[in-house]
*Asks:* 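Below is a structure I'd like to ask you about.
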Amino acid sequence: MSDDTITTEEEVTPKVVGKVRSTKQSAEKWGEEVITLGFCVLPSLLFRAQRRLGLNPTQLAVLLQLADFWWDPGRKPFPKKADLAERLSLSARQVQRHIAELEKAGFVRRIERTVARRGKISNAYDLSGLVDKLKALEPQFTAAAEEARALRKAVTKPGYRPAAKTTEAK
């Protein structure tokens, strides 16, 4: 580099656009102290579609806990059942049963992990079933949202008159 070249801080450290903003917004909502302990990004569709997916509250809680351990898209989460049990105030056996139910319903797939000279260690959990189920529901939720948006837009137009409802006497 020659002496007549000037380097600015922006050239040395590129700005991260999306993550910094979302982290800052999350800190504004939840508080800096809370966010520094970590956060997990979850699609809202998981909450909106809970009933359609057939998930009871405990099953949803188990999925949320598994998702909290899923830090990297290329690496499956592998929490110990005991850790999940402690977080959920359940027994390890109850957690095991709920995971088995989720596996039977196609939300998760357990992957046995072993280590030489130690044997079995915590399972890894493939959440691609959950992802696939959410992707399959997305068009229905998108269509419903677009329909609601169109209806709201129509209501704001001058001269809007809702369609008359006909009631038939029985």
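When reading the values below, keep in mind they use all heavy atoms of this one structure, side chains included, and skip hydrogens, waters and symmetry mates.
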*Asks:* Kindly indicate, with the supporting measurements, whether the criterion side chain to side chain contact (heavy atoms under 4.5 Å, CB included) is fulfilled by Leu84 and Ile99.
*Replies:* CA-CA 11 Å; Leu84 294 172; Ile99 290 173; 4.0 Å; yes

*Asks:* Name all residues meeting the side-chain contact (heavy atoms from CB on, under 4.5 Å) criterion together with Arg48; count only those two or more places apart in sequence or in a different chain, and write none if there are none.
*Replies:* Ser44, Phe141

*Asks:* With Arg51, which residues qualify under side-chain contact (heavy atoms from CB on, under 4.5 Å), at least two apart?
*Replies:*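 None.
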
*Asks:* Decide side chain to side chain contact (heavy atoms under 4.5 Å, CB included) for Asn123 and Lys81; before the verdict, give the C-alpha distance in whole Å, the side-chain angles of both, and the deciding distance to 0.1 Å.
*Replies:* CA-CA 9 Å; Asn123 290 327; Lys81 282 187 222 51; 3.8 Å; yes

*Asks:* Quick check: is Trp71 connected to Val108 through a chain of hydrophobic side chains (ILVMFWY, heavy atoms under 4.5 Å apart)?
*Replies:* yes

*Asks:* Applying the 4.5 Å side-chain criterion to the ILVMFWY set and letting contacts propagate, would Val41 and Trp70 be lumped into a single cluster?
*Replies:*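 In one cluster with Val41: Trp70, no.
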
*Asks:* Go through the structure and list residues passing salt bridge (Lys or Arg N to Asp or Glu O under 4.0 Å) with Glu101, not counting sequence neighbours.
*Replies:* none

*Asks:* Sequence neighbours excluded, which residues qualify as side-chain hydrogen bond (donor to acceptor under 3.5 Å, both in side chains) partners of Thr58?
*Replies:*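 Result, side-chain hydrogen bond (donor to acceptor under 3.5 Å, both in side chains) vs Thr58: none returned.
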
*Asks:* For a quick test of reading the model, state the closest non-hydrogen atom pair linking Ala27 to Glu32 and the distance between them.
*Replies:* CB-OE1, 3.3 Å

*Asks:* Kindly give the heavy-atom pair with the smallest separation between Ala67 and Cys40, and that separation in Å.
*Replies:*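 Ala67 and Cys40 have their closest heavy atoms at O-SG, 3.5 Å.
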
*Asks:* Surrounding CD of Glu86 (heavy atoms of other residues, nucleotides or ligands, distance under 6.0 Å), is the total greater than 12?
*Replies:*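 No.
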
*Asks:* Who passes side-chain contact (heavy atoms from CB on, under 4.5 Å) against Glu28, sequence neighbours left out?
*Replies:* Lys24

*Asks:* State plainly whether one hydrophobic cluster holds both Val131 and Leu63, where clusters connect Ile, Leu, Val, Met, Phe, Trp and Tyr through side-chain heavy atoms under 4.5 angstrom apart.
*Replies:* yes

*Asks:* Mind listing the closest non-hydrogen atom pair of Ala136 and Pro139 along with its distance?
*Replies:* O-CD, 3.3 Å

*Asks:* For Leu53 and Leu60, run side chain to side chain contact (heavy atoms under 4.5 Å, CB included): C-alpha distance rounded to whole Å, both residues' side-chain angles, the deciding distance at 0.1 Å, then the answer.
*Replies:* CA-CA 10 Å; Leu53 290 167; Leu60 178 62; over 6 Å; no

*Asks:* Test of understanding: with side-chain hydrogen bond (donor to acceptor under 3.5 Å, both in side chains), list the residues that count as partners of Gln50, not counting sequence neighbours.
*Replies:*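 Here no residue qualifies.
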
*Asks:* List in chain and number order the residues that pass salt bridge (Lys or Arg N to Asp or Glu O under 4.0 Å) with Arg110, two or more places apart in sequence or in another chain; answer none if no residue qualifies.
*Replies:* Glu103

*Asks:* Tell me which pairs pass salt bridge (charged side-chain N to carboxylate O under 4.0 Å, His left out) where either residue lies in residues 116-134, with sequence neighbours left out.
*Replies:* Arg109-Asp126, Glu112-Lys120

*Asks:* What residues form a salt bridge (Lys or Arg N to Asp or Glu O under 4.0 Å) with Arg87, not counting sequence neighbours?
*Replies:*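 Asp68.
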
*Asks:* Can you list the residues that meet the side-chain contact (heavy atoms from CB on, under 4.5 Å) rule with Val34, with sequence neighbours excluded?
*Replies:*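 side-chain contact (heavy atoms from CB on, under 4.5 Å) check on Val34 returns Trp30.
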
*Asks:* Taking transitive links into account, so neighbours of neighbours count too, which hydrophobic residues share a cluster with Val115 at under 4.5 Å side-chain distance?
*Replies:*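 Listed partners: Ile121.
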
*Asks:* Once salt bridge (Lys or Arg N to Asp or Glu O under 4.0 Å) is applied, do any residues pair with Asp83, and if so which ones, sequence neighbours excluded?
*Replies:* none

*Asks:* Linking I/L/V/M/F/W/Y whenever their side-chain heavy atoms sit closer than 4.5 Å, directly or via other members, would Leu137 and Leu102 fall into one cluster?
*Replies:*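 Yes, Leu137 and Leu102 fall within the same hydrophobic cluster.
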
*Asks:* Please say yes or no: joined through hydrophobic side-chain contacts below 4.5 Å, possibly via intermediate residues, are Leu64 and Phe39 part of one cluster?
*Replies:* no

